[in-house]
Amino acid sequence: MTLGKKRILCVAGTRPEAIKMAPVILALREAPWAEVRVLATAQHRQMLDQVMQVFGISPDIDLDIMRPNQSLPELTARLLAELDTVLASEQPDVVLVQGDTTTVMATAMAAFYRRIDVGHVEAGLRTGDLQNPFPEEMNRVVAGRLSRWHFAPTEGSRQNLLREGFDPTAIHVTGNTVIDALKNVVARDLPRPEGIDPGKRLVLVTAHRRENFGEPFREVCRAVREIADRHEDINILYPVHPNPNVHDVAHATLGDHPRIRLCSPLDYLPFVSAMKHADLVLTDSGGVQEEAPALAKPVLVMRRETERPEAVAEGVVKLVGTDFDSIVGEADRLLRDPDAYRAMAKGVSPYGDGLAASRILSILSADLLDR
Ligand code: UD1
Ligand code: UDP
């Protein structure tokens, strides 16, 4: 048994990392053996800050990395240089990263160069296609290769890692911390989404994937408009991602429609409330694919591949790609056919039970305090 506390540095750069790392940070704060430090790279600025506030977390270190319309090479280069300086001064025993963003890949590399152990939360997700999602599939492959602990959300993600030859004793199926975060928030008093006619059905839309930029994303927007045109009894709420490649096209294509409400990214509480009130969710988001099924909402995923096949296998998420006819056709079917709708609104949660963070802590403490 080691006498001193273990220094655990939790890193988050973007909105989804903060949401999914928050339960781990909150649990570590309560652990007598851990001294937790929080590093925000702020690869996202406003969207990261929102989430940190919701969970009452203020970063100990903030790199303030984000620049408008940042490119992947410049983002990666700045992250690597700044992270190395922080790791040199912080000297953590363990660095925890979550997910598949550029922050995660760069942090795993920076820790590797300093010979610091990395724990990867949400490990083992794979499509097997480095172009889809881009660049996230590469980010998680690199982060996985450099990690000592793989906290896999599902048995399927564990199997992906085993196929790649990872040591089975380093892989732990914990569930996804997104369900811990969701349970924390759903238990609170959630405001109704603003500016939405309660007499109409609600379709919630999000989209931001880089591999869809350009024509595929314009097609997605045309499909969303067509769905609104075909169904007079629906409102569409679409919190638009601030990336200019998304923001400008969404506003140009959809901004003038009387039943499509475009708004800035919602804070996590109002967004969860919007999911709860939604009848149907159209998205290319990773996190939303995990949350909406837990809230019994059918999800159409506007991507060519998903690294989250479990909910598809359960029949509560459907992969529709970015093709106009496919998106409109599937949305039409669900909005017109109550049996088809009920079959997808079952409320299954293949990604976790809300106890992932406590499992991660048990594994870390068992390994670290044994040394
Ligand atoms: C990033 C992640 C992606 C993740 C997504 C979650 C990478 C390469 N991409 O994509 O995996 O799914 O976050 O949302 O790591 N911006 C703001 N304010 C913000 C956030 C973003 O203005 O709070 C704008 C800036 O112009 C910024 C741009 O969006 O340069 C892109 O941000 P970036 O983090 O590079 O990529 P995302 O598309 O957000
Ligand atoms: N989210 C949010 N406000 C929004 C849209 C999404 O708080 O306006 C939350 C959502 O509940 C989920 C996370 O952000 O937990 C997903 O982030 P995003 O779609 O940006 O990234 P991804 O999960 O695709 O990496």
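Start at 1 and go down the list; that is how both ligands and their atoms are numbered. Worth knowing before you read on, the calculation uses all heavy atoms, side chains too, and leaves out hydrogens, waters and symmetry mates. Numbers here simply count residues along the sequence, with the first being 1.
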| message | Under 4.0 Å, heavy-atom basis, I'd like to know which part of Leu72 is in contact with ligand 1: side chain, backbone, both or neither. | response | side chain
| Do the side chains of Met52 and Leu182 join up, straight or via other hydrophobic residues, at under 4.5 Å, putting them in one cluster? | yes
| message | Residue-level breakdown please: for Gln46 versus ligand 1, do any non-hydrogen atoms fall below 4.0 Å on the side chain, on the backbone, on both, or on neither? | response | both
| Taking the six-membered ring for Trp, are His44 and His241 parallel (under 30°), tilted (30 to 60°) or perpendicular (over 60°)? | perpendicular
| message | Quick check on contacts: which atoms of ligand 1 are under 4.0 angstrom from a heavy atom of Pro135? | response | 8 (C)
| Electrostatic pair Arg140-Glu122, nearest N-O below 4.0 angstrom | no
| query | Which atoms of ligand 2 sit under 4.0 Å from any heavy atom of Pro265? | reply | 8 (O)
| query | Which of the numbered atoms in ligand 2 are below 4.0 angstrom from a heavy atom of Ser285? | reply | 16 (C), 18 (P), 19 (O), 22 (P), 23 (O), 24 (O)
| field | Pair Asp117 + Arg148, salt bridge at N-O below 4.0 Å | value | yes
| said: When you measure from the heavy atoms of Met105 to every atom of ligand 1, does any distance fall below 4.0 Å? | reply: no
| note | When every non-hydrogen atom of Gln70 is compared with those of Ile65, the smallest separation belongs to OE1-O, 4.1 Å
| remark: The closest protein heavy-atom partner of atom 11 (O) of ligand 1 is Glu136 OE2, 2.5 Å
| request: Answer yes or no for Lys20: is there a heavy-atom contact with ligand 2 below 4.0 Å? | output: no
| task | Please write out which residues are connected to Leu72 in a hydrophobic cluster, directly or through intermediates, given that two of Ile, Leu, Val, Met, Phe, Trp, Tyr count as joined at side-chain heavy-atom separations below 4.5 angstrom. | result | Phe134
| note | atom 4 (C) of ligand 1 has as its nearest protein heavy atom His208 CE1, 3.7 Å
| Using a heavy-atom cut-off of under 4.0 Å, does the side chain or the backbone of Arg209 touch ligand 1, or both, or neither? | side chain
| Starting from atom 14 (O) of ligand 1, which protein heavy atom do you reach first, and at what distance in Å? | His44 CE1, 3.1 Å
| query | Which residue owns the protein heavy atom closest to atom 1 (N) of ligand 2, what's the atom, and how far is it? | reply | Phe271 CD2, 3.5 Å
| said: I'd like to know whether CD of Glu194 has more than 12 heavy-atom contacts from other residues, nucleotides or ligands below 6.0 angstrom. | reply: no
| Single-linkage hydrophobic cluster, 4.5 Å side-chain cutoff, Val240 and Leu237 together | no
| request: Could you pull out, from Glu17, Met138, His247, Arg210, the option with a heavy atom nearest to atom 35 (O) of ligand 1? | output: Arg210
| said: Under 4.0 Å from a heavy atom of Pro239: which atoms of ligand 2 are those, numbered in the order shown and with their elements? | reply: 8 (O)
| Donor-acceptor pair between Thr206 and Thr283 side chains, under 3.5 angstrom | yes
| said: Counting only heavy atoms from other residues, nucleotides and ligands, does the tally under 6.0 Å from CD of Glu232 exceed 12? | reply: no
| task | Check each atom of ligand 2 against the heavy atoms of Leu266 and keep those under 4.0 Å away; list them by number with element. | result | 2 (C), 3 (N), 4 (C), 7 (O), 8 (O)
| remark: atom 22 (O) of ligand 1: closest protein heavy atom, distance to 0.1 Å, is Met66 CE, 3.5 Å
| Protein contact of atom 29 (O) of ligand 1 - nearest heavy atom, named by residue and atom, plus distance | Asn243 CA, 3.4 Å
| For atom 32 (O) of ligand 1, which protein heavy atom lies nearest, and how many Å away is it? | Gln70 NE2, 3.4 Å
| message | Donor-acceptor check, side chain of Thr253 to backbone of Arg222, threshold 3.5 angstrom: yes or no? | response | no
| query | Is Met47 in polar range of ligand 1, meaning some N or O pair under 3.5 Å apart? | reply | yes
| task | Any atoms of ligand 2 less than 4.0 Å from a non-hydrogen atom of Gly286? List them with their elements. | result | 22 (P), 23 (O), 24 (O)
| message | Heavy atoms only, cut-off 4.0 Å: how does Met47 contact ligand 2, side chain, backbone, both, or neither? | response | neither
| said: What I want to know is whether Arg67 and ligand 1 share at least one N or O pair that is separated by under 3.5 angstrom. | reply: yes
| query | So, is the end of the Arg145 side chain (NZ or CZ) under 6.0 Å from the ring centre of Phe166 and within 45° of the ring's axis? | reply | yes
| said: Does ligand 1 come near enough to His241 that some N or O of the ligand is less than 3.5 Å from an N or O of the residue? | reply: yes
| task | Just need the protein heavy atom nearest to atom 23 (O) of ligand 2, so name the residue and atom and give the distance. | result | Gly287 N, 2.7 Å
| said: Is there a side-chain contact (heavy atoms from CB on, under 4.5 Å) between Arg114 and Asp84? Walk through the geometry before answering. | reply: CA-CA 8 Å; Arg114 291 260 161 206; Asp84 184 59; 2.7 Å; yes
| message | Is there a polar contact, in the sense of an N or O pair closer than 3.5 Å, between Arg45 and ligand 1? | response | yes
| field | Ligand-residue contact atoms, ligand 1 with Thr102, heavy atoms, under 4.0 Å | value | 7 (C), 8 (C), 15 (O)
| remark: Those residues at least two apart in sequence (or on a different chain) that pass salt bridge (Lys or Arg N to Asp or Glu O under 4.0 Å) with Glu35 are Arg7
| Does Lys318 reach the main-chain N or O of Glu330 with its side chain, forming a donor-acceptor pair under 3.5 Å? | no
| said: Heavy-atom pairs closer than 4.0 Å: do any link ligand 1 to the side chain of Pro265, the backbone, both, or neither? | reply: neither
| remark: Under 4.0 Å between heavy atoms, the region of Glu291 that gets near ligand 2 turns out to be side chain
| note | Within the 4.0 Å heavy-atom cut-off, what His208 brings close to ligand 2 is side chain
| note | Taking only non-hydrogen atoms of Pro16 and a 4.0 Å limit, the atoms of ligand 2 in range are 17 (O), 21 (O), 22 (P), 23 (O), 25 (O)
| query | Do Asp129 and Thr127 pass the side chain to side chain donor-acceptor pair (under 3.5 Å) test, and can you show the C-alpha distance, the side-chain angles, and the key distance before you say yes or no? | reply | CA-CA 5 Å; Asp129 176 356; Thr127 61; 5.5 Å; no
| task | Provide, to 0.1 Å, the distance between atom 25 (C) of ligand 1 and the closest protein heavy atom, together with that atom's residue and name. | result | Asn69 N, 3.8 Å
| query | Given that the side chain starts at C-beta and the backbone is N, CA, C, O, which of these parts of Pro16 lies under 4.0 Å from ligand 1, counting heavy atoms, or is it both or neither? | reply | side chain
| message | Between Arg336 and Asp332, does any side-chain N to carboxylate O distance fall below 4.0 Å? | response | yes
| note | Note: Tyr268, heavy atoms under 4.0 Å from ligand 2, region reported as both
| Is Asp284 paired with Arg210 through a side-chain N to carboxylate O contact shorter than 4.0 Å? | no
| request: Using a 4.0 Å heavy-atom threshold (strictly under), name the region of Pro244 that reaches ligand 1: side chain, backbone, both or neither. | output: side chain
| request: Return yes if some donor-acceptor pair links the side-chain N/O of Glu137 with the main-chain N/O of Arg126 below 3.5 Å, else return no. | output: no
| query | Are any side-chain N or O atoms of Tyr238 and backbone N or O atoms of Ala250, one a donor and one an acceptor, separated by less than 3.5 Å? | reply | no
| Which residue supplies the protein heavy atom nearest to atom 14 (O) of ligand 2, what is that atom called, and how far is it? | Arg15 NE, 3.2 Å
| message | Does Tyr341, at its OH atom, have more than 12 non-hydrogen atoms belonging to other residues, nucleotides or ligands within less than 6.0 Å? | response | yes
| query | Among all protein non-hydrogen atoms, which one is nearest to atom 34 (O) of ligand 1, and what is the separation to 0.1 Å? | reply | Gln43 NE2, 2.9 Å
| query | Which residue owns the protein heavy atom closest to atom 13 (C) of ligand 2, what's the atom, and how far is it? | reply | Ile19 CD1, 3.7 Å
